[in-house]
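The block underneath contains the structure these notes are about, expressed in structure tokens.
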Amino acid sequence: MGEQFIGPRGTNDLFPPETQKWVFVEEIIRRKAESFGFQEIRTPIFEHTELFSRGIGEGTDIAAKEMYTFIDKGGRSITLRPELTAPAVRAYLQNFPMPGTRIQDGRKILQGSPPFVKWCYFGPAFRYERPQSGRYRQFHQFGVEAIGSKHPDLDIEVIQFALQVFKSFFLENLEVKLNSIGCSSCRPSYREVLRKHFYDHLEQLCEDCKTHRYEKNPLRILDCKSQKCAPFILGSPIPIDYLCEECKTHFNAVQHRLKELQVPYSLDPRLVRGLDYYTKTVFEVISGSLGAQNSVCGGGRYDDLIETLGGPSVPAVGFAAGMERLMLLIQDNLPGFKKAPLLYAVPLGEKAEDFMVPLIFRLREEAEMKKIRLHIERDYQGKNLSAQLKEASRLRADFAVILGENELNEKKLILKNLNTRKQEDLPLNSIENSQENLKNISNQILEKITVFLEEIKTFEKKFDPVLELKEKINHGK
RNA sequence: GUGGGUGUAGCUCAACUGGUUAGAGCAUCGGACUGUGGCUCCGAGGGUUGAGGGUUCAAGUCCCUUCACUCACCCCA
């Protein structure tokens with residue numbers, strides 16, 4: 001087989017019809033984002049390493065061992081983004097002017113309200129992990145961030161947006177998990193309570209919990225799935241019992257709204273998330289049909305992140321969802337995509353080509369001006385008539401334009417409807433490829449085609465993608 | 001990083017307990033049909049059996065190493 005290049009581990013190539021599905025799905029998400037007022041942003045795929053190590057926390061698995069980091073030619077440490085929230089915050093701080101600040105106890109205190117933005121994004125992210133179903137080294141996320149307000153209704157709007165997106169794809173059997181992990185004022189004391197709880201059993205905990213988590217971030221012990229830790233986690237104190245007044249009111253407000261809006265959710269006191277920047281509300285949407293990597297989307301509040309990254313204290317909330325995982329869930333439900341009707345041009349011989357090439361060019365322009373969606377293709381391998389028509393059939397072409405020696409001599413051109421197998425001659429005034437002549441012929445062809453297309457159109461109304469999708473869902477399971 | 005499963009033609013898979021020249025379907029290309037397509041028939045090309053080493057008279061098959069894919073742990077989207 002020789003030596004062949006294959007793509008790096010954990011990366012994927014996308015081809016039609018997959019690419020069409022992605023475009024379709026992204027477009028629906030964009031429309032949904034528009035109605036929520038989340039505006040699309042684009043930030044670089046790489047950033048200074050420091051942004052991530054500080055942003056998501058030195059101790060986290062992501063920062064500690066999953067980052068694609070390299071030194072560039074200027075000696076800077078650069079990292080391919082493993083997530084998009086930290087870059088969004090960086091972009092926010094860099095581009096949106098703050099009101100005046102005063103320094104108090106080494107912290108920047110805002111004199112007025114910070115700029116408020118509601119953003120959404122799409123794009124690739126990179127983590128060095130062993131790939132498996134729903135997990136890749138280059139994967140794609142979409143998500144939203146609302147920066148500049150601590151209003152609990154924004155937590156709701158973010159969750160609602162995620163659910164609305166999933167709903168537009170008729171996804172069922174999704175579960176919303178919710179928790180609150182407190183803030184910088186109540187978490188330290190809770191942390192101590194946790195340490196005390198686990199202290200007596202320290203020797204019986206798993207390696208990771210014993211050595212790292214207990215010291216660095218005892219909350220993450222709650223998230224540990226090891227058999228060893230399970231019995232001690234069961235009886236451990238949970239974050240919501242130790243929330244400060246502010247966090248408690250916030251969490252109550254969030255839950256109140258969720259109930260009011262009849263959003264089904266379940267409290268999960270062990271949901272703590274793997275990134276250090278979360279505060280207060282955290283949530284996750286999981287699916288039972290994804291295998292081990294069952295989380296479709298995860299997010300929450302990050303009221304301290306902007307300050308961690310060198311800005312003033314600005315509250316924010318957001319989530320990120322995995323495109324690959326979303327596609328896994330919905331791709332069987334997605335409809336086939338209507339292609340533009342195909343016109344296959346069949347020039348036989350050099351003279352015919354000399355006329356056909358400018359004609360094709362002109363046809364494309366005329367079709368566009370008349371807003372006729374038409375795909376025009378031809379043969380480039382000098383095949384004979386039979387073979388070219390065979391190719392046209394293989395490509396499911398709807399029409400063929402045939403031009404050979406005979407036609408040139410008789411000053412005509414054959415337009416064949418490949419569905420009905422009927423063909424007719426279109427007279428040529430001349431075989432000069434003057435613009436006027438080409439335009440004339442183009443319009444003749446397009447006129448004939450339009451008639452056929454009208455017939456097809458009424459037929460295709462049954463195949464409206466959304467209707468078809470709905471039907472599938474209703475009939476299936 | 002750790003464990004399980006799997007690697008045979010472009011794709012999907014055969015080849016009994018080790019036994020001649022590794023087969024089939026689909027796909028591709030050509031011909032029947034020197035200018036009218038989807039069908040049919042005939043034919044052709046395509047393989048260092050993932051790679052490297054070992055055992056054996058003999059290895060696709062057994063052993064070791066390595067690589068890739070895949071699922072799971074871990075972690076997360």
Side-chain angles (χ1 to χ4, degrees), chain A residues 1-12 56 59-67 81-85 121-143 162 206-209 212-213 220 223-227 271-275 282 284-287 290-299 318-329 344 346-349 352 379 381 383-409 414-423:
Chain A
M1 204 176 288
E3 233 175 82
Q4 261 193 29
F5 281 111
I6 54 172
R9 181 165 222 194
T11 62
N12 292 109
I56 62 192
T60 61
D61 280 17
I62 296 175
K65 45 190 183 188
E66 294 176 1
M67 296 207 297
R81 64 185 184 199
E83 58 107 37
L84 308 215
T85 299
Y121 55 77
F122 299 80
F126 309 82
R127 287 181 204 172
Y128 189 87
E129 293 185 278
R130 280 286 275 273
Q132 74 189 69
S133 180
R135 190 172 83 182
Y136 309 97
R137 289 186 174 180
Q138 175 172 175
F139 59 103
H140 298 77
Q141 293 189 330
F142 73 88
C206 76
E207 267 318 292
D208 281 337
C209 289
H212 307 109
R213 293 177 186 147
R220 309 236 31 243
D223 200 30
C224 180
K225 280 117 196 162
S226 163
Q227 296 282 338
L271 179 68
V272 297
R273 321 264 323 135
L275 294 85
V282 290
E284 206 166 300
V285 180
I286 62 173
S287 159
L290 270 180
Q293 308 302 319
N294 62 0
S295 159
V296 205
C297 114
F319 79 83
M323 276 297 284
E324 282 83 358
R325 289 179 192 179
L326 177 62
M327 295 311 284
L328 276 178
L329 287 175
Y344 203 85
V346 181
L348 302 166
D379 165 76
Q381 297 169 307
K383 287 181 178 165
N384 60 31
L385 175 61
S386 177
Q388 289 198 42
L389 284 175
K390 198 173 177 180
E391 179 66 7
S393 313
R394 204 181 64 77
L395 294 171
R396 303 262 151 78
D398 300 282
F399 314 101
V401 187
I402 303 167
L403 183 70
E405 288 291 323
N406 298 346
E407 288 72 29
L408 287 170
N409 290 336
I414 299 173
L415 175 65
K416 180 163 186 166
N417 182 325
L418 293 172
N419 297 314
T420 62
R421 290 176 166 259
K422 282 180 188 151
Q423 66 182 46

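Numbers restart at 1 for each chain; the letters A, B, ... are given by sequence-line order, proteins then strands.
- A donor-acceptor contact under 3.5 Å is not formed by the side chain of A:Lys390 with the base of B:rU36.
- Note on A:Gln138: nothing from the nucleic acid sits closer than 4.0 angstrom, heavy atoms only.
- What separates CG of A:Asn384 from C1' of B:rC33 is a distance of 9 Å, to the nearest Å.
- Using atom P as the reference point in both B:rA9 and B:rG5, the two lie 22 Å apart (nearest Å).
- B:rG25 and B:rU20: their C1' atoms are spaced 26 Å apart (whole Å).
- Closest approach of A:Leu329 to A:Ser287, counting heavy atoms only: CD2-OG, 3.3 Å.
- At distances below 3.5 Å, not a single donor-acceptor pair connects side-chain atoms of A:Arg127 with backbone N or O atoms of A:Ile62.
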Next item on the list: Sugar-phosphate atoms are those with a prime plus P, OP1 and OP2; base atoms are the rest. Using that split, label each nucleotide of nucleotides 68-76 of chain B B, S or - for protein heavy atoms under 4.0 Å, 5' to 3'.
Entry: -SBSBBBBB
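- Between A:Pro82 and A:Met67, the closest heavy-atom pair is CG-SD, 4.0 Å.
- For the residue pair A:Ala292 and A:Gln132, the shortest heavy atom distance occurs at CB-NE2, 3.6 Å.
- Here, B:rU12 and B:rG4 have their P atoms 25 Å apart, quoted to the whole Å.
- When the P atom is used for both B:rA14 and B:rA24, the distance is 16 Å, rounded to whole Å.
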Item checked: Step-by-step side chain to side chain contact (heavy atoms under 4.5 Å, CB included) determination, A:Lys383 to A:Lys390 -> CA-CA 10 Å; A:Lys383 287 181 178 165; A:Lys390 198 173 177 180; over 6 Å; no
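- Searching all strands for a Watson-Crick or G-U wobble partner of B:rA24 with both distances below 3.5 Å returns B:rU12.
- Here the separation of B:rG50 from B:rG45, taken at their P atoms, is 23 Å to the nearest Å.
- Taking 4.0 Å as the cut-off between side-chain N and carboxylate O, A:Arg273 and A:Glu284 count as a salt-bridged pair.
- Between the P atom of B:rU34 and the CG atom of A:Leu348 lies a distance of 13 Å, rounded to the nearest Å.
- Between the NZ atom of A:Lys383 and the C1' atom of B:rG37 there is a distance of 12 Å, given to the nearest Å.
- Judged by Watson-Crick or G-U wobble contacts below 3.5 Å, the nucleotide B:rG47 has no partner.
- B:rA27 atom P lies 11 Å from atom CZ of A:Arg394, rounded to whole Å.
- No contact: A:Glu391 has no heavy atom under 4.0 Å from any strand.
- No N or O donor and acceptor, one from the side chain of A:Ser393 and one from the base of B:rG38, sit under 3.5 Å apart.
- A gap of 14 Å separates the P atoms of B:rU70 and B:rU8, to the nearest Å.
- Between A:Ile402 atom CD1 and B:rG37 atom P there is a gap of 10 Å when expressed in whole angstrom units.
- Closest-nucleotide positions on RNA chain B for A:Arg421 and A:Ala320 were compared, and the one nearer the 5' end corresponds to A:Arg421.
- Between the C1' atom of B:rG37 and the CZ atom of A:Phe399 lies a distance of 15 Å, rounded to the nearest Å.
- One can place CG of A:Leu385 at 8 Å from P of B:rG37, the figure rounded to the nearest angstrom.
- Nearest heavy atom pair, residue A:Gly10 against residue A:Tyr136, reads O-CB, 3.2 Å.
- With a 3.5 Å ceiling on both atom-pair distances, the Watson-Crick or G-U wobble partner of B:rU2 is B:rA72.
- Residue contacts shown for A:Gly404 include a base, since a base heavy atom lies under 4.0 Å away.
- With hydrogens and angles ignored, no donor-acceptor pair closer than 3.5 Å exists between the side chain of A:Gln388 and the base of B:rU36.
- Rounded to whole Å, the C1' atom of B:rG60 lies 12 Å from the corresponding atom of B:rG23.
- The P atoms of B:rU17 and B:rC57 are separated by 22 Å, rounded to the nearest whole Å.
- Tested against A:Val346, the residues A:Leu403, A:Asp379, A:Leu385 include a single side-chain contact (heavy atoms from CB on, under 4.5 Å) partner, A:Leu385.
- Put simply, NZ on A:Lys422 is 17 Å from C1' on B:rG37, counting in whole angstrom units.
- Nucleic acid contact for A:Val296: sugar-phosphate only, since backbone atoms but no base atoms lie under 4.0 Å from a heavy atom of the residue.
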Notebook entry, point to check: Given the rule in the salt bridge (charged side-chain N to carboxylate O under 4.0 Å, His left out) test, do A:Arg137 and A:Glu129 qualify, once you have shown the distances and angles that lead to the verdict?
Noted result: CA-CA 6 Å; A:Arg137 289 186 174 180; A:Glu129 293 185 278; over 6 Å; no
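- When both distances must be under 3.5 Å, the Watson-Crick or G-U wobble mate of B:rA32 is B:rU40.
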